[in-house]
Amino acid sequence: MKPSTVLSALLFACFVNLASAADDHKGHAHTEKPGQSHAHDAKPQHGGVVSVIKDINYELVAKADSLTLYVTDHDQPVDTRNASATITLLSASDKTEAKLLPAGSNQLRAQGAFKIQAGTKAVAIVKLGDKPGQSVRFVLN
């Protein structure tokens with residue numbers, strides 16, 4: 001193959017990848033100024049730990065007597081009336097599993113006794129309505 005043909009094919013592949021990435025990012029507004037770098041803020045709104053999966057923010061607020069998962073899409077509450085989640089807490093010596101149920105407009109909650117400490121890992125399988133379950137991972141502070 002000629003070097004110019006290889007270069008053309010490489011440039012075309014790069015263009016397709018860039019166009020695909022830009023297309024994946026359509027559908028929501030941004031407030032940053034032209035030339036400013038883009039980043040989705042994953043700041044906790046309820047004092048928990050945030051994980052972002054496919055532009056959906058999941059914020060886990062873990063307390064000794066409850067686990068609450070807040071779900072938002074670009075700062076807008078996601079309806080969790082038909083949602084559910086199973087969460088597994090993993091620490092050095094413990095493994096706890098809990099079922100989270102709807103508890104408000106964009107919340108899923110489990111009540112109980114939970115060992116919460118810094119470094120505890122949490123893995124939630126979140127099912128929103130009829131959509132496939134989504135795995136969401138957290139590390140507690």
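Starting from 1, each residue takes its place in the sequence as its number.
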task: Among residues two or more places apart or on two chains, list those pairs meeting salt bridge (charged side-chain N to carboxylate O under 4.0 Å, His left out) that have a residue in residues 57-70.
output: none
- prompt: Got a donor-acceptor contact below 3.5 angstrom from the Glu97 side chain to the Lys95 backbone?
  reply: no
- request: Quick one: list whatever passes side chain to side chain contact (heavy atoms under 4.5 Å, CB included) with Asn82, sequence neighbours left out.
  value: none
task: Kindly write out the residues that satisfy side-chain hydrogen bond (donor to acceptor under 3.5 Å, both in side chains) with Asn141, not counting sequence neighbours, or none if the list is empty.
output: none
Identify every side-chain donor-acceptor pair in residues 85-92 under 3.5 Å, counting partners at least two apart or on other chains, and give the distances.
unit_1	atom_1	unit_2	atom_2	d
Ser91	OG	Asp94	N	3.3

message: Restricting to side chain to side chain contact (heavy atoms under 4.5 Å, CB included), what partner residues turn up for Ile53, sequence neighbours left out?
response: Ser51, Tyr58, Gln134, Val136
- request: Measure across Ala124 and Phe138 and return the closest heavy-atom pair with its distance rounded to 0.1 Å.
  value: CB-CE1, 4.5 Å
- prompt: Got a sec, which pairs hit side chain to side chain donor-acceptor pair (under 3.5 Å) with one end in residues 120-130, sequence neighbours left out?
  reply: none
Partners passing side-chain hydrogen bond (donor to acceptor under 3.5 Å, both in side chains) against Thr68 (at least two apart in sequence or in another chain): Arg109
- line: NZ of Lys99 to CG of Leu108, rounded to nearest 0.5 Å, is 9.5 Å
message: Is there a side-chain contact (heavy atoms from CB on, under 4.5 Å) between Ile116 and Leu140? Walk through the geometry before answering.
response: CA-CA 8 Å; Ile116 305 300; Leu140 302 180; 4.0 Å; yes
message: Starting from Val139 and following side-chain heavy-atom contacts under 4.5 Å between hydrophobic residues (I, L, V, M, F, W, Y), which residues can be reached?
response: none
message: Measuring from atom CG of Leu69 to atom NE2 of His46, what distance do you get when rounded to the nearest 0.5 angstrom?
response: 10.5 Å
task: Can you see which heavy atom on Gly104 is nearest to which on Thr80, and at what distance?
output: O-OG1, 3.2 Å
- line: Here the salt bridge (charged side-chain N to carboxylate O under 4.0 Å, His left out) pairs for residues 132-141, sequence neighbours left out, are none
query: Does Val123 reach the side chain of Ser135, with side-chain heavy atoms less than 4.5 Å apart?
result: yes
task: Any chance you could measure Lys54, atom NZ, to Asp73, atom CG, to the nearest 0.5 Å?
output: 13.0 Å
task: Supply the members, apart from Tyr70, of the Ile/Leu/Val/Met/Phe/Trp/Tyr cluster built from side-chain contacts under 4.5 Å; use none for a lone residue.
output: Val61
task: For the pair Asn57 (side chain) and Thr72 (backbone), establish whether a donor and an acceptor sit closer than 3.5 Å, ignoring hydrogens and angles.
output: no
